[in-house]
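Heads up: numbering here begins at 1 and tracks the sequence. This is a predicted model, so every value here is computed, not measured.
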Amino acid sequence: MGNFLTVKHWVTAFLALMLSANSAADALCPKPRIELPASSLPEALISLGRQCQVSILVPTSSASLYQLPKQTLSTGQNQFEATIEQLLEGLPFSYHRIGPTSFAVTPNKESPPRSEQQSSKAPEEITVTGQSLTGSHLRHYQLDGYAPIDRLTREQLELTGAQTVADVLKFLPAISGNSTSTSVSQQDDGTATVSLRYLPASNTLVLINGRRIIGDGYNGEATDLNTIPLSLVERVEILKDGASAVYGSDAIAGVINIILRKDFEGLSLDSYYGQSGAGDRETESHHLTWGRHGERGHIMLNLAQYTQGSIMSRDRNLSESADSRDFGGTDKRSSATPEGFIALDNGATLTSQTSNNYRDWSLEDRYNYNDHTSAVTPLKSNSAYLSANFDLSDNLLLFAEAMGLRTSAESTKAPSPVFTRFDNGDLTIAADNIYNPFNQTITDVRKRITELGPRIQKNRTATWRLNTGIKGVYNQWHWELNTSLQRAKKSEKLSNLINPLALSQGLKGPTSCNSSNACTPINLLGPSGSIPQEQLEFIRGTSTTNSRTRMESLTFISDGSLGETRAGEILAAAGFEIRHETLTSDSNDLNGLSYIGGHSPGATRGSRTIKETFAEVSIPIQEEKLWLDGAVRLSSYSDFGNTYNPKLAIRWQVLEDLNLRVSYASGFRAPTLTDMYQKGYQSQEFIFDPCTSKSASTLTGCPGQSDSARIQYLTEFGGNPSLTPETSKTLTASLAWTPEHIEGLSSAVEIFNIQQEDVIGSNPQFLVEQNAYAGLFSDRVLRDEQGEITKILATRINQGRRTIRGYDVALRYDLPEDELGQFKLAMNISHMLDYLNQGAAGLPEEELSGTFVDITTGGAGSLPEFKANAGIYWSSNQWKAGYTVHFVGSTKETYTHNDKIITHDIGSWFSHDAQLSFNPSSRFRFSIGVNNLLNTPPPLAVTATENNFDHRTYDLTGRYWYSSFSFSL
């Protein structure tokens, strides 16, 4: 494993062992000990449920008769059961599990004594956790049956060995399509996003503590997960249901709610180090958390540092070359080579061997740009988080939280290529250019300017958030008034590019380019190394982009009981939110032209004000059997108008251990400020043009056969102020079974159907195909007389619709503990039945289920029919171990090669992860682990534009070892 542990890591381990030598046995619930004040039994259960993050149901009429002293409970080996057994010892009550995180406390068959004051009213069963769920503002009695929610506890997060939120989520079965990624090489800006239900990331809403957070600074389309340090996360709740009626825009596919740590007491230090078996992607993280309770309040501080090393494309067999023919793929190397591709008037194409010595150019001369690209981008982040709350009175709490984070990423790309016929500006080489030996004007030269060195892209992000407010209880109604200020500042610098204006001038003859006008003639017709420093400095360019995003919000929520019927209590919630968003982005383009070898994000200036009101209700129809839930949200946007979104659900407790839920939800995604107001974004996009095939003469939109060696085309994106929101209708049904006669077993099946209309898109691949095959979009796909594409204008439009159907299956079995310890088994499966996509009105629907089309060419990414994980987990005394298998099903991709349409099977993929941890004391934990134990590489994706695989679905790292230490004081 090489230099596996850094000095900093070993120092942390040594201190941890010294400080924990005489401590008690460790257990997490998530705390090693539970402190309970002197109180009644229901009040003690309230405190226990909150600290152990479970829901407990109890008949208060009988439990309130018992007063308990102040006590400290040991949580054993992270077993809630062991803790509640201590609490109930000697009391005439027992407990049983009614869900994965729900328990019921009931009187034993022998009736407990009754007080004379006890009401003859039937016992009222209440929840004692006093918390709401993701997907609802209500405080529900049965947390496990209300909505299809996956929960990842802190213990589960630690078992993954992940150090970022994106790494935690990447292989979850519900995460598919355009999913998380921190490893984009050619277009990486250091951000990571997540998508649910196979939809783009813009259709998944990410919350922190149930509150909306600021979007990505450049595009504003989705939340950057890299702005959330994992060390702060207490748990992650994943709502796999439409939730626009509860949260507003973006919650079409679902919600990722990241719950941060709170109520932490003491001092905790954590250290992590890992690296791949190949000796790269060295990753370090170090965290310090301090918290203290006072008589009337609590304060907590967290400091975190994270560093991720790089992987170069050349250091993995699959990605070392853009020519994947050895793996059964195609040659995607570039026709822009260091020796040059030179097209003459007589049809000859030459390449330079030495000065003024040329030979015929061939396809085998193409350039392998993967020699220089980073497949995993190095990333650094530093963050600070402070939270505090203060009890103003018994029913009034003042709270505040502040977070600041800085990230930096630096990716490497191959040296800049020049395509004189297709790049920005007039790049014709004059016949009298002093370096032109051919005595003719030359329009088509493709050259890789290796003398400039690799392109270096540096991204910097500074984000801060401040949430503060007051909450309390009035007449049994909970209420909260919260205000939020959020800012994000991002910058991008891409160096070693080419200034198209300077290059254009330098390619002209002496009359246009001479010393009197400070012009340096440029030689694009020589061999590699023939461009001297003086010429390089004349054409060298650097693009910079800066963006600033702001969001301010004021939110009020109140929830409580509207009263009771014979069937039970009617729960309700209502509130309003006022939000203001602003985005300003600028880049240093050259009179609307992007630097050659880079991309120009252009400029975006926009702002909007959103005013929303919402309400929610849960009505019992039959006592403890049937409920009707409803929600509605009215949203008013200052730029495009109003929208109204309802949600209805029926919950039926079919049997005591069988719960059925059916819901219908209307959803929407508002066009982002970038969607509406962006101008001048230019990029060289990877696109297949059907006019490059030998059958081009038979295609309606092809004037002739264009150059088959081209794979990138100048594309200009843009916003559209006339956009309307994407809308959706979501139908879900879930069946949860927790058999009482099989203690520890829980299972759930969730079926979903999502129909989405008015999808916002700017798909250049779609425009090119429709232009070539049907002659459409000639005003957007600009071709010259030979049929070569000179520019693609891809303005965003509401262009299509999609329908997605599938189901999820979840199984979990906690076996009884014996002398070997306790074993837990878990399995999650996601199966996509249909992904019907209509690119534009009037076009037929396509079935995309089980296919891969790279999103950089306008596709939806990998859409495997099956995605799953399964694991076995063991704990005994001071030891814990876990073994997890991740599975991604096979997909198919279609491409044209040598004028033949080829369908390629992208094979299924398994990754095996294992971890072992040792807890010698309550203050110390040591873990070692390995991800991708069998060192299985990703499957080949021929049409992937980068590194020959889909980096949004698979991981190129290979076998990866890590260890971590944590201790507390």
For the residue pair [X] and [Y], establish whether any side-chain heavy-atom pair is separated by less than 4.5 Å.
X: Arg421; Y: Thr790; answer: no
X: Ser285; Y: Gln305; answer: no
X: Ile238; Y: Leu196; answer: yes
X: Ile687; Y: Ile792; answer: yes
X: Val768; Y: Ile789; answer: yes
X: Glu282; Y: Glu284; answer: no
X: Ser543; Y: Asn588; answer: yes
X: Val853; Y: Thr943; answer: no

Report yes or no: do [X] and [Y] form a side-chain donor-acceptor pair below 3.5 Å?
X: Thr957; Y: Arg281; result: yes
X: Thr289; Y: Asn302; result: yes
X: Gln486; Y: Ser484; result: yes
X: Arg796; Y: Gln678; result: yes
X: Gln308; Y: Thr283; result: no
X: Arg448; Y: Ser334; result: yes
X: Asn424; Y: Ser594; result: yes
X: Ser862; Y: Asp950; result: yes
X: Gln756; Y: Asn203; result: yes
X: Glu401; Y: Tyr385; result: yes
X: Glu410; Y: Gln457; result: no
X: Asn948; Y: Lys332; result: yes
X: Ser374; Y: Ser411; result: no
X: Thr724; Y: Asp758; result: no
X: Asn720; Y: Thr795; result: no

So Thr544 and Asp586, side-chain contact (heavy atoms from CB on, under 4.5 Å) or not? Walk me through it. CA-CA 8 Å; Thr544 58; Asp586 296 289; over 6 Å; no
Kindly indicate, with the supporting measurements, whether the criterion side-chain hydrogen bond (donor to acceptor under 3.5 Å, both in side chains) is fulfilled by Ser504 and Asp426. CA-CA 6 Å; Ser504 175; Asp426 175 16; 4.8 Å; no
Is any NZ, NE, NH1 or NH2 atom of the basic residue among [X] and [Y] found under 4.0 Å from an Asp or Glu carboxylate oxygen of the other?
X: Glu492; Y: Lys490; answer: no
X: Arg211; Y: Glu577; answer: no
X: Arg608; Y: Asp639; answer: yes
X: Arg446; Y: Asp423; answer: no
X: Glu716; Y: Lys791; answer: yes

State whether the side chain of [X] and the backbone N or O of [Y] hold a donor-acceptor pair below 3.5 Å, judged by distance alone.
X: Ser408; Y: Arg460; answer: no
X: Arg455; Y: Ala414; answer: yes
X: Arg550; Y: Leu583; answer: no
X: Asn496; Y: Pro454; answer: yes

Parallel, tilted or perpendicular: which describes the rings of Phe640 and Tyr637, with under 30° parallel and over 60° perpendicular? parallel
I need the [X] [atom1] to [Y] [atom2] distance, nearest 0.5 Å.
X: Ile522; Y: Lys447; atom1: CD1; atom2: NZ; answer: 12.0 Å
X: Thr674; Y: Lys679; atom1: OG1; atom2: NZ; answer: 13.5 Å
X: Thr307; Y: Leu379; atom1: OG1; atom2: CG; answer: 8.5 Å
X: Ile539; Y: Leu524; atom1: CD1; atom2: CG; answer: 7.0 Å
X: Leu714; Y: Leu782; atom1: CG; atom2: CG; answer: 10.0 Å
X: Arg540; Y: Gln535; atom1: CZ; atom2: CD; answer: 12.5 Å

Thr549 vs Thr582, side-chain contact (heavy atoms from CB on, under 4.5 Å): CA-CA, chis, key distance, verdict: CA-CA 6 Å; Thr549 310; Thr582 303; over 6 Å; no
Under the criterion side-chain contact (heavy atoms from CB on, under 4.5 Å), which of Ile256, Val165, Asp250, Val255 is the partner of Val206? Ile256
Qualifying residues under salt bridge (charged side-chain N to carboxylate O under 4.0 Å, His left out), relative to Arg316, sequence neighbours excluded: Asp280
For Glu451, what residues pass the salt bridge (charged side-chain N to carboxylate O under 4.0 Å, His left out) criterion, not counting sequence neighbours?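 Per chain and number, Glu451 pairs via salt bridge (charged side-chain N to carboxylate O under 4.0 Å, His left out) with no residue.
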Quick check with a 6.0 Å cut-off and a 45 degree axis cone: is Arg605 positioned over the face of Tyr677's six-membered ring?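 Judged by the rule, Arg605 and Tyr677 form no cation-pi pair.
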Among Thr373, Asn368, Asp371, find the one that has a side-chain hydrogen bond (donor to acceptor under 3.5 Å, both in side chains) with Ser313. Thr373
Could you go step by step and tell me if Ser202 and Arg669 meet the side-chain contact (heavy atoms from CB on, under 4.5 Å) rule? CA-CA 8 Å; Ser202 57; Arg669 184 184 82 85; 3.6 Å; yes
